[in-house]
There are 2 protein chains.
Amino acid sequence: MEENQEIRKAGLKITLPRVKILSLLEKQGGHLSAEDVYRILLDEGEEIGLATVYRVLTQFESAGLVVRHNFEGGQAVFELDRGSHHDHLICMNCGRVEEFVDNTIEKRQIEIAKKHGFRIKDHALVIYGICSNKECKQAE
Amino acid sequence: MEENQEIRKAGLKITLPRVKILSLLEKQGGHLSAEDVYRILLDEGEEIGLATVYRVLTQFESAGLVVRHNFEGGQAVFELDRGSHHDHLICMNCGRVEEFVDNTIEKRQIEIAKKHGFRIKDHALVIYGICSNKECKQAE
DNA sequence: TACGAAAATGAGAAGATTTCGCATTATCAA
DNA sequence: TTGATAATGCGAAATCTTCTCATTTTCGTA
Ligand SMILES: [Mn+2]
Ligand SMILES: [Mn+2]
Ligand SMILES: [Zn+2]
Ligand SMILES: [Zn+2]
C-alpha cells in the first residue's frame, strides 16, 4: 500500500476514497476529469460521492500529488504529478492528449516574464491540432 | 458607422445589440467577459439581454471578429481580433493581462506539432506570475 | 414608404460543472 | 475500545453558459 504513504506524506488522513482515487489515477494514467474518476469507481462497484471526488482531487492538487488542467472550457482534468512539468498537444477531433517538454520554450518564457517585470509562477501551453489517426486526418 | 460594415462583412444583420457590443469592444479594448459587456452596457443605459450578449459574442467569434480566451476556469473573456496572434501574461494577484508575441516560441510549437504528427490549428500559452505593481510584489 | 417573411432579441428555464452545508460515519491517537 | 476530530455522501446551491419561445426587429421588395 504505497498509496497510503503518499497520502500520509501529503498530510492527509488515510481514507477509503483517497486511497481509491489515488490508486485509480496511478492505474489509469492519463488525464481524468472528476466525473471520469467518479464513473470509473462506480463501475468498479465502489461507492463514492461525486462531491468527495472533487474534494479529494482538490486536496491532492494542494498537496502536490496531482496537477489540474483547464483545457478548453469544459471540465477540468487531473493527472498524477510525476514531478516534472510538461505541456500538452490535444487533437481537436478525437481528444487525444500528448505530452511534451521543450527547453527552448521554457527558457523563452522566463525571459518574457522578466522583460515584462513579472515574477513567473507557472504557465500553461496547449497546442491544438489534428492528430495522425486515419479518422482524424480524413475528418478534417 | 464602420461597425456596421464589419458586421455586414461578417455575414450578420445589423442589429442594435451587435452594433453596441462591437462598439463597446472597440472603445474599451482589453479583455472583457460576457458579464462585463452586459454590465457596462446596462450602466450606460442600454437595454440588452445577457443571453444576447453571449449569443453575439459567440457569433463574432465564429466570424473572426473577436477571440475568446478560457483563462483559468472562471468566465471566458473576449477581445477584438486585431488580426495578429498573441499570447498572454497574467498577474495572479491583480489580474492584469499583458500581451506578447515570441517568434522563437511560435516556431518551436510548429516543430513540436510536426514531430508528434499533429497538424497544428491553434495554441494557447498563458504565463502566470506576479506583476511589477508595488502591491502585487509585496503581497507575495 | 409600407409590408411581411425571416431572423434576432429578451426573459427565464434549463444544462453543465463545481462547491457548499450538514447529518452521519470513519479515522486514529490515547 | 473509546471519543474527539475529520471526512463522507447527499442534495441544495452557486456559477457560467446555452436553450426555448413568444415578441420584436430587420431588410428586401412592392
Ligand atoms: Mn499531462
Ligand atoms: Mn489579448
Ligand atoms: Zn485525433
Ligand atoms: Zn499585479
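Below, chains carry the letters A, B, ... as their sequence lines are ordered, and counting in each starts from 1. Side chains included, hydrogens not; waters and symmetry mates left out as well; all remaining heavy atoms used.
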TODO: Rounded to the nearest angstrom, tell me the gap between atom CD in B:E35 and atom P in D:dT18.
DONE: 13 Å

Open item on the list: I need the CG-P distance between B:N4 and D:dT26, as an integer number of Å.
Closed with: 11 Å

Task: Rounded distance in Å - CG (B:L50) to C1' (D:dT17) - done: 8 Å

TODO: For the side chain of B:K13, starting at C-beta, report the closest nucleotide among C:dA8, D:dA6, C:dT18.
DONE: C:dA8

Task: Whether over 12 other heavy atoms sit under 6.0 Å from B:E135 CD - done: no

Task: Whole-Å distance separating the CD atom of B:E72 from the C1' atom of C:dT18 - done: 15 Å

TODO: For A:Y38 and D:dC10, give me the distance from atom OH to atom P, rounded to whole Å.
DONE: 7 Å

Task: Given C:dT18, C:dT27, D:dT26, the nucleotide with the shortest approach to the side chain of B:L16 - done: D:dT26

Task: Under-4.0 Å side-chain N/O to phosphate OP1/OP2 contact, A:R18 with D:dA7 - done: yes

Task: Spacing of B:Q59 atom CD relative to C:dA8 atom P, expressed in whole Å - done: 7 Å

- [ ] Identify whether any heavy atom of A:A34 sits under 4.0 Å from a base atom; if not, whether one sits that close to sugar-phosphate; answer base, sugar-phosphate or nothing.
- [x] nothing

Open item on the list: Whether A:Y54 contacts C:dT19 is assessed here as follows: a side-chain N or O lying under 4.0 Å from the phosphate OP1 or OP2. Is that the case?
Closed with: no

Open item on the list: Testing A:E26, A:E46, A:E44 one by one against A:K20 for a salt bridge (charged side-chain N to carboxylate O under 4.0 Å, His left out), which residue passes?
Closed with: A:E46

Task: Side-chain N,O (A:T15) to OP1/OP2 (C:dT27) below 4.0 Å - done: no

- [ ] Could you state the atom-to-atom distance from CD1 of B:I14 to C1' of C:dA7 in whole Å?
- [x] 13 Å

Open item on the list: Under the side-chain contact (heavy atoms from CB on, under 4.5 Å) test against A:F60, which residue among A:L80, A:I21, A:D81 passes?
Closed with: A:I21

- [ ] Indicate, with yes or no, if the rings of A:F71 and A:H88 have centres closer together than 6.0 Å.
- [x] yes

Open item on the list: Output the rounded distance in Å from CZ (A:R68) to P (C:dT17).
Closed with: 14 Å

Open item on the list: Would you say A:R119 and B:S132 are linked by a side-chain donor-acceptor pair, where the criterion is simply a distance under 3.5 Å?
Closed with: no

